[in-house]
Enquirer: 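Submitted below is the structure of interest, expressed as structure tokens.
These figures come from a predicted structure and were not determined experimentally. Order of the sequence lines sets the chain letters (A, B, ...), proteins ahead of strands, with each chain counted from 1.
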2 protein chains.
Amino acid sequence: MEENAGSILQNGGALFLPGLSVDCVIFGFHDNQLKVLLLKMRHAEKWALPGGFIYKEEEVEHAAVRVLQSRTGLSNIFLRQFHTFGELSRTDKLLNKKLLVSSGLQADENHWFLQRFVTVGYYALVNFSGAVPRPDATSEACAWWDLQEVPPLNLDHGDILQKALETLRKQLSDQPVGYSLLPEKFTMPELQRLYETILGKQLDRRNFQRRMLGYGILKRLEERRSGGAHKAPYLYCFDTDRYQDALLNGLQQKW
Amino acid sequence: MEENAGSILQNGGALFLPGLSVDCVIFGFHDNQLKVLLLKMRHAEKWALPGGFIYKEEEVEHAAVRVLQSRTGLSNIFLRQFHTFGELSRTDKLLNKKLLVSSGLQADENHWFLQRFVTVGYYALVNFSGAVPRPDATSEACAWWDLQEVPPLNLDHGDILQKALETLRKQLSDQPVGYSLLPEKFTMPELQRLYETILGKQLDRRNFQRRMLGYGILKRLEERRSGGAHKAPYLYCFDTDRYQDALLNGLQQKW
DNA sequence: CCAAAAGTGTTGAGTCTACACCCATGC
DNA sequence: GCATGGGTGTAGACTCAACACTTTTGG
């Protein structure tokens with residue numbers, strides 16, 4: 001699947017749907033911080049969201065899965081389409097030209113890579129420790145960034161990230177989160193930190209616990225997390241059946 | 001803007017973004033029924049959602065606005081992107097070939113119109129009485145359908161409609177609805193019927209009224225709707241400032 | 001034994017639901 | 001005057017936020 005940059009750029013026109021791409025906002029959670037996986041393209045000044053093109057005979061969603069897989073090594077992950085970005089301003093012809101030229105290709109005006117691109121945005125929630133960030137052929141770096149410290153991004157990628165975060169926040173009250181972000185076993189305070197960083201807000205310990213348990217998607221284990229200072233907290237894991245059900249039907253229905 | 005079918009099909013490759021379209025789920029409200037605007041393409045057996053292509057130098061959202069404008073005569077309308085459909089199965093090459101041939105064009109395998117299309121779905125809420133359904137050059141009919149009576153639709157348009165409705169329902173508890181669906185002045189029972197048909201569920205008259213008034217987006221007028229049998233209900237209109245604010249910030253914030 | 005974190009319970013405010021009652025209108 | 005729909009009020013259930021007390025652990 002990984003081909004060298006030159007061959008992708010050269011044959012892209014024959015391989016991919018023209019003018020359409022996917023971009024992935026990949027969230028992870030580590031050290032009580034929400035992280036985003038970013039990519040530094042060669043010749044680019046700014047970092048960017050990992051993205052990719054769609055093969056002519058490939059489902060759009062599958063292209064997103066593929067990007068995720070190739071940047072993190074992970075498959076079978078929480079992935080949601082959240083918006084499609086079709087503004088006119090969202091193509092950086094100069095950068096793309098540089099990429100072509102540096103690959104020894106003709107930067108013909110009609111080259112597929114220099115056309116206007118519409119991109120379908122997906123966000124993913126992945127297990128930070130399980131993911132191994134790896135750059136692709138056209139990028140020189142691939143790394144996790146603290147959400148707070150994300151640098152100015154390429155093109156409209158900042159907006160895309162913002163929209164992903166907004167969507168995630170909105171869905172938080174109706175959709176369970178954490179299964180793929182946290183390790184299999186986790187404590188209630190850890191889950192709370194996750195919610196707090198996503199929401200950017202402190203929550204009450206006791207009310208949080210009640211609410212979460214009320215959803216009925218958690219199983220408390222017999223074990224406790226010992227070793228840390230202070231009282232050892234219980235470990236929990238998700239009840240996968242109920243979790244799936246909550247994903248499908250939502251956590252609370254109104255009306 | 002309206003060109004004849006043949007010229008569109010012939011020149012489309014030069015005019016439009018390849019492989020990308022927009023489809024609009026246009027909702028109206030009349031006779032206490034939620035309606036959807038559907039189109040019957042020539043040579044097609046099934047009805048379809050009104051859709052269109054995106055000019056090479058046009059924002060995707062603007063293409064949706066254009067479709068809306070050209071099918072209903074309305075502009076400045078509530079319009080929301082809800083999902084992009086990128087499944088492989090969603091192109092009907094046979095039908096498209098027929099359309100080409102019937103326009104006297106070569107149905108070359110490479111013709112832009114015969115490629116796979118990804119479509120961006122928008123839904124719109126429009127004033128039924130203000131809209132004048134009009135077919136375009138490639139369609140033989142354009143009409144409102146009762147949501148309950150929608151026939152089997154072309155391709156995945158049934159799924160698209162379903163997803164639009166689902167999105168609308170979900171947003172109903174967080175987003176005001178009705179401004180563009182109802183006439184300028186309306187009664188509380190009328191507004192309630194609207195909510196009930198969207199949700200497919202009966203609501204309590206008194207609680208509904210309290211909730212709506214609680215949102216603070218309605219202004220009660222001095223007038224009443226007389227003429228009908230029974231007690232004359234008050235007329236209301238939306239407080240546009242507060243309505244806009246609610247659209248932006250939501251009706252209720254959690255956490 | 002003390003500080004800090006975790007487990008659990010309670011209370012009061014506010015919200016939502018399910019009602020009952022009265023008023024207006026056409027027949 | 002009566003059936004029907006519309007305007008308004010209220011009691012009880014329920015939910016949620018704010019808070020206190022106890023327990024455990026390392027130092």
Enquirer: Please state how far atom CD in B/Glu190 lies from atom C1' in D/dG6, giving the value in whole angstrom units.
Expert: 13 Å
Enquirer: Check whether more than 12 heavy atoms from other residues, nucleotides or ligands sit under 6.0 Å from atom CZ of A/Arg242, and answer yes or no.
Expert: no
Enquirer: Using a 4.0 Å heavy-atom cut-off, write out nucleotides 4-12 of chain C from 5' to 3' as B (base contacted by protein), S (sugar-phosphate only) or - (no contact).
Expert: BBBBBBB--
Enquirer: Rounded to whole Å, please give me the gap between CZ in A/Phe208 and C1' in D/dC19.
Expert: 19 Å
Enquirer: Check whether B/Ser180 reaches the backbone of B/Leu125 with its side chain - one donor and one acceptor, N or O, closer than 3.5 Å.
Expert: yes
Enquirer: Pairs of donor and acceptor atoms involving the side chains of residues 151-159 of chain B, under 3.5 Å and at least two apart or interchain, shall be tabulated with distances.
Expert:
residue: B/Asp156; atom: OD1; partner: B/Arg90; partner atom: NE; Å: 3.4
residue: B/Asp156; atom: OD1; partner: B/Arg90; partner atom: NH2; Å: 3.4
residue: B/Asp156; atom: OD2; partner: B/Arg90; partner atom: NE; Å: 2.7
residue: B/His157; atom: ND1; partner: B/Leu49; partner atom: N; Å: 2.9

Enquirer: Taking the ring of A/Tyr179 and the ring of A/Phe78, is the distance between their centroids below 6.0 Å?
Expert: no
Enquirer: Honestly, is A/Arg80 close enough over A/Tyr123, meaning NZ or CZ under 6.0 Å from the six-membered ring centre and within 45° of the axis?
Expert: no
Enquirer: Check the angle between the aromatic planes of B/Trp145 and B/Trp47 and answer parallel, tilted or perpendicular using the 30° and 60° thresholds.
Expert: perpendicular
Enquirer: Would you mind reading off the distance between B/Leu191 atom CG and D/dG7 atom P, rounded to a whole angstrom?
Expert: 12 Å
Enquirer: Taking CG from A/Leu203 and P from D/dC16, how many angstroms apart are they, rounded to a whole number?
Expert: 14 Å
